Protein chains: 2
Amino acid sequence: MSQQRNGQAAGVSDGAVFPDLPEATVARLPEYLRALHNLAETGFDTVSSEGLAAAAGVNSAKLRKDLSHLGSYGTRGVGYDVALLIAQIEHVLGLTQRRAVALVGVGNLGHALAGYAGFSSRGFRIAALFDADPGRIGERINGLVVHDIARLPEVVAAEAISIAVIATPAHAAQSVADRLVAAGVTSILNFAPCVLSVPDGVDVRKVDLAIELQILSFHEHRKSALTTLPSPTGDGSMKIRPTLDGEALAT
Amino acid sequence: MSQQRNGQAAGVSDGAVFPDLPEATVARLPEYLRALHNLAETGFDTVSSEGLAAAAGVNSAKLRKDLSHLGSYGTRGVGYDVALLIAQIEHVLGLTQRRAVALVGVGNLGHALAGYAGFSSRGFRIAALFDADPGRIGERINGLVVHDIARLPEVVAAEAISIAVIATPAHAAQSVADRLVAAGVTSILNFAPCVLSVPDGVDVRKVDLAIELQILSFHEHRKSALTTLPSPTGDGSMKIRPTLDGEALAT
DNA sequence: TAGATTGTTAATCGATTAACAATC
DNA sequence: TAGATTGTTAATCGATTAACAATC
């Protein structure tokens, strides 16, 4: 059982059909795509690696390295053709068709995700909603009716769904994942704060909102610990910020 | 201007007060913490690296390496004391006090985040809501009133807020970030699909829901491209899954 | 003591980055 | 041609992993 795909992105073993892409590159391509769409709307036909890198928040060496994995789509001395690069990245990401997505769990967070416009505008169609709560089944959200989760196999097949979003409480998520996999889903975006176990060949990505804040909390904690220490640059200045932590500080 | 903290986690330059933690370790500590709370609830007093690693979805070598950065809190031949390790991780993450968080943008997604129970149960208190839409100001969500964003400085100071969540449309996010920073916020969790530019010393983490699906889409695309290719293991078997992509396949 | 399990070492691997030759 | 910018190289850095000595 694998819990998360890692290392090089899957491709055929001889490398003839598709080049393998480093996972770090795959994770950045969507950001480049978003930046390119912005540039296109602003009227740019062409962009340099420096310009695109700035728009995507990375350095230009990394951007060029990433794009070099896709093949050569830039022109030396000129830059990249915006429309061409958009098409190429959309092709690599498999976004040339709109993908149908199932969403399981229409509570607080799931309800918001069902109405999230960003899914629709960036390559996806929420094709079906599911919940286990009898009180919610039949409810309409954004033009979609909430199905009983028992109907997963039927609806997943009918809508040709291969990607699902789990927005249930943590205690229900593993069971939902099992049922999704049994119904034929092969990619899962998990918002429940728990680890999912899935068979090889199924990809899981996890988004844990509290974990994001906890990582920020760590850095806040570090920053406040620096409050009264002498500057490491040796210029004699002190960083004085009020510490909210009330923690013992080295002096 | 920095857009994202990277590399080793910040600490004092001489390393005397806090050990520096690798960023990859920092990002996993919250997952260990969640797993430990589960174990504690299930009645475990002690857990081995093997057991905790399984619960957190990592391998045990990585877990031990991560924990070794905190100091030595395990007992050879026995394992880790669950309560002690919880306390240690919460201390390192700065979760010994409940941190006040501001949320800006109470539209579709922001409204759900304002009611997200996981923030409250895992170390945070949504202390204030803000929006720019006059139609939403004064609205009550989960017992909190939505303030005019013009009141940011005042409320951030009064509530001692250092962390904020941006859940506005992308076109408003940079301006909101600027105002948050001006008001004294030093950590931002950004749900808007855009790059934020902030001064050094301010940490930004970004969650882009569509990007998560696009990364899964890439892997779906790869999986369907494998459909009719001979097995790389050379056992003569074929991976036959119906391809939904309708894409030209090498044969 | 014997068995179990940690904490650390060292090898490996993947990602980042600066520099620059190639070339438009 | 001269200037600009890509694509690639090679060095560096950080993260992962297996193995095992230390030790409970």
Side-chain angles (χ1 to χ4, degrees), chain A residues 2-11 15 19-29 31-32 36 39 44-82 84-85 88-89 215, chain B residues 2-11 15 19-29 31-32 36 39 44-82 84-85 88-89 215:
Chain A
S2 74
Q3 280 165 342
Q4 181 95 14
R5 182 175 292 273
N6 56 10
Q8 290 265 311
D20 274 353
L21 295 183
E23 264 303 310
T25 296
V26 172
R28 283 188 294 264
L29 289 179
E31 195 67 58
Y32 303 154
L36 284 162
L39 289 166
F44 285 86
D45 292 335
T46 262
V47 67
S48 68
S49 62
E50 200 65 54
L52 180 53
V58 302
N59 76 44
S60 64
K62 189 185 283 182
L63 175 91
R64 287 197 302 277
K65 182 76 159 165
D66 283 338
L67 294 186
S68 76
H69 288 115
L70 308 185
S72 296
Y73 292 90
T75 305
R76 287 166 142 101
V78 178
Y80 299 89
D81 182 281
V82 170
L84 182 66
L85 195 49
Q88 172 62 11
I89 294 179
I215 295 169
Chain B
S2 74
Q3 279 165 342
Q4 180 95 13
R5 182 175 291 275
N6 56 11
Q8 291 264 312
D20 274 353
L21 294 184
E23 264 302 313
T25 296
V26 172
R28 283 189 294 263
L29 290 179
E31 195 66 59
Y32 302 155
L36 284 162
L39 289 165
F44 285 86
D45 293 335
T46 261
V47 66
S48 67
S49 63
E50 199 66 51
L52 180 54
V58 302
N59 77 44
S60 63
K62 190 185 283 181
L63 174 90
R64 287 197 302 277
K65 183 75 159 166
D66 283 339
L67 295 186
S68 76
H69 288 115
L70 307 185
S72 294
Y73 292 90
T75 307
R76 287 166 142 101
V78 178
Y80 299 89
D81 181 281
V82 171
L84 182 65
L85 195 49
Q88 173 62 12
I89 294 178
I215 295 169

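Proteins come first, then strands; the chains are lettered A, B, ... in the order of their sequence lines, and each starts at number 1. These figures come from a predicted structure and were not determined experimentally.
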> Rounded to the Å, how far apart are B:Leu70 CG and C:dT8 P?
Replying inline: 12 Å

> Toward the 5' end of DNA chain C, which comes first, A:Arg28 or B:Ser48, by nearest nucleotide?
Replying inline: B:Ser48

>> Could you tell me how far apart A:His69 (NE2) and C:dG14 (P) are, to the nearest whole angstrom?
In response: 12 Å

>> Let's see if you can work this out: which of C:dT17, D:dA15, C:dC24 has an atom nearest to the side-chain heavy atoms of B:Pro22?
In response: D:dA15

>> From CG of A:Asp66 over to P of D:dT8, roughly how many Å is that when rounded to an integer?
In response: 13 Å

>> Measure CG/A:Leu67 against P/D:dT5 and give the value in whole Å, please.
In response: 16 Å

>> If you only use heavy atoms from C-beta on, which nucleotide in C:dT8, D:dT23, D:dT16 is closest to the side chain of B:Arg64?
In response: C:dT8

>> Which nucleotide wins on minimum distance to the side chain of A:Ala24, given the candidates D:dT16, D:dC24, C:dA15?
In response: C:dA15

> Who does D:dA11 pair with, Watson-Crick or G-U, both distances under 3.5 Å?
Replying inline: C:dT16

> How long is the span from the CG atom in A:Leu36 to the CD atom in A:Glu31, to the nearest 0.5 Å?
Replying inline: 10.5 Å

>> Can you identify which nucleotide, out of D:dT5, C:dA15, D:dA15, has its nearest atom closest to the A:Glu23 side chain?
In response: C:dA15

> Please give, in whole Å, the distance from D:dG3 P to A:Arg76 CZ?
Replying inline: 19 Å

> Hey, what do you get for CZ (A:Arg28) to CD (A:Glu23), rounding to the nearest 0.5 Å?
Replying inline: 11.0 Å

>> Using whole Å, what does the distance between atom P of nucleotide C:dT6 and atom NZ of B:Lys65 come to?
In response: 16 Å

> CG of A:Asn59 versus P of D:dT6: gap in Å, rounded?
Replying inline: 13 Å

> Can you check whether A:Thr46 reaches A:Thr75 side chain to side chain, under 4.5 Å on heavy atoms?
Replying inline: no

> Is the phosphate of D:dC24, meaning OP1 or OP2, less than 4.0 Å from a side-chain N or O of B:Tyr80?
Replying inline: no

>> Using the rule side-chain contact (heavy atoms from CB on, under 4.5 Å), only one of B:Leu67, B:Asp66, B:Asp20 pairs with B:Thr25; which is it?
In response: B:Asp66

>> From C-beta outward on A:Lys62, which listed nucleotide comes closest to its side chain: D:dC24, D:dT17, C:dT17?
In response: C:dT17

> Considering Watson-Crick and G-U wobble pairs with both distances under 3.5 Å, what does D:dA22 pair with?
Replying inline: C:dT5

>> With a 4.0 Å limit, can you tell me whether A:Ser49 has a side-chain N or O closer than that to the phosphate oxygens OP1/OP2 of D:dT6?
In response: yes

> Would you say the side chain of B:Leu85 lies within less than 4.5 Å of the side chain of B:Leu52, judging by non-hydrogen atoms?
Replying inline: yes

> Once you round it to whole Å, what is the distance between P of D:dA18 and CD of B:Glu50?
Replying inline: 11 Å

